[in-house]
Protein chains: 2
Amino acid sequence: MSLKYAILVCLSDGPKSGYDIAKQFDEKTGFFWRARHSQIYRELGKMKDNDLARAEEVEQSGKPNRIVFTITEAGRTALLQWSREPSEPQVLKDDFLVQLYGIESIDLDALRRNLLLRLERHQDRHAEYLVKQKLLENGNSLGDLGRQLALDVGIRWEHEWMDWCTKALEKLHPDALADARATPTNIIPMDMGETRNAER
Amino acid sequence: MSLKYAILVCLSDGPKSGYDIAKQFDEKTGFFWRARHSQIYRELGKMKDNDLARAEEVEQSGKPNRIVFTITEAGRTALLQWSREPSEPQVLKDDFLVQLYGIESIDLDALRRNLLLRLERHQDRHAEYLVKQKLLENGNSLGDLGRQLALDVGIRWEHEWMDWCTKALEKLHPDALADARATPTNIIPMDMGETRNAER
DNA sequence: CTCCAATATTCTACTAGTGGAATATTAATA
DNA sequence: TATTAATATTCCACTAGTAGAATATTGGAG
């Protein structure tokens, strides 16, 4: 997927400047879409060239002029076409996953510290999304349903990471680690038998 | 994060050619790391230049010669250093999330079809990972623990997506959709009150 | 006995995204 | 009164990743 469609969705809600779009990404859709303003303006230029949006310069008193983009019919068609293409799940890319595969070659103390840090980040985000969810819960429009479903993905995502970080920290507990590192046979005296990675 | 560290982790397990690394990505770590062979060879060249790995050409009868890369001390140090840096959660990028925000401008029938397709893909992967988990469950080494934890992320991820796709399909049920589209006031006669996006 | 899969690497053109400097103005804050 | 935040856009150098053509050899399946 590309930024193009994220911008088209933004514009389908009404005409916006590059600045507006950047703000919307930051404030509203930041948990699943981010882009630097440099990229947004560049993309808007291309979209204008391809007739997916048309530009209009609006004079403002005080502030610099803004260039407002409006979605065209071709833009709406492109959006519709895109939604018809089959979507492939994206690849889960996370530092931890690579580090865990190389667990024997990394700094385990640092990994534990990072797991703790990340746990906090995920807890913060989770709480933040729950607040957003509260604001949406009374909406009954199709648009609200979409936003509720999207936010739910974010909430699940953060929740699973919180849960996983906690579990990983337990398994990589200092005592267990000390034992694992002390014994070349690598037997970790934990309750792996009972609480192993079975489905929750 | 970059491919560099994924390759260093690969090499920390023993010398490998670009081909071996590509195969490992495909077979073992495909759920969280993928790279085209073109990118891998390009990266290996850079890593050789930066003294993170050294190359050795090995003659083979029959097959073309392979260039085997071995991690250097500098490579091991870089890996260690990297694991000490704080890790930021990655952004959740998924077509569906963008489409849900633009739900009023997309093809809803197509969305439902795609949700069904994706549900199947996630079910397949989930089943596949459970098989992998079974193979790992008796391992007690530190390396096995790392692989178990990493795989667990993949299993959770697929499980949540399966669950979410099912829920989204229910909410976007044809009848509900027809009602939502027929009424301009956009009141969706569903049990949103009871089963809304509360935490599971 | 032909074609395909597997092994193995190089190359080029491309798209996507990062990171930040540069520029300009006004309103609010300290 | 100095400066910082907010508004608004352009530009440039860079990293990361996609996609696939080109080349070469052997063993096995049909």
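Computed from a predicted model, the values in this text were never measured in an experiment. We name chains A, B, ... by the order of the sequence lines, and we start the count at 1 in each one.
- Applying the side-chain hydrogen bond (donor to acceptor under 3.5 Å, both in side chains) rule to Glu57(B) yields the partners Asn65(B); only residues at least two apart in sequence or on another chain are considered.
- Scanning atom types as modelled, no donor and acceptor separated by under 3.5 angstrom connect the side chain of Ser38(A) and the base of dG17(C).
- Closest to the side chain of Gln39(A), from the set dT10(D), dG17(C), dA8(C), is dG17(C).
- Using a cutoff of 4.0 Å between basic side-chain nitrogens and carboxylate oxygens, Asp20(B) and Arg66(B) are scored as salt-bridged.
- Taking atom CZ of residue Arg36(B) and atom P of nucleotide dT15(D), one finds them 22 Å apart after rounding to whole Å.
- In this structure, the NZ atom of Lys4(A) is 16 Å from the P atom of dC14(C), given to the nearest Å.
- Identified under the side chain to side chain donor-acceptor pair (under 3.5 Å) test for residues 37-49 of chain B, with sequence neighbours left out: none.
- A straight line from OH of Tyr19(A) to P of dT9(D) spans 10 Å, rounded to a whole angstrom.
- Counting any heavy atom pair closer than 4.0 Å across all strands shown, Arg34(B) reaches no nucleic acid atom.
- Between the CZ atom of Arg66(A) and the C1' atom of dT25(C) there is a distance of 15 Å, rounded to whole Å.
- Using a 4.0 Å heavy-atom criterion, one finds that Ser17(B) contacts the sugar-phosphate atoms exclusively.
- Atom CG in Asn65(B) sits roughly 9 Å away from atom P in dT9(C) (whole-Å rounding).
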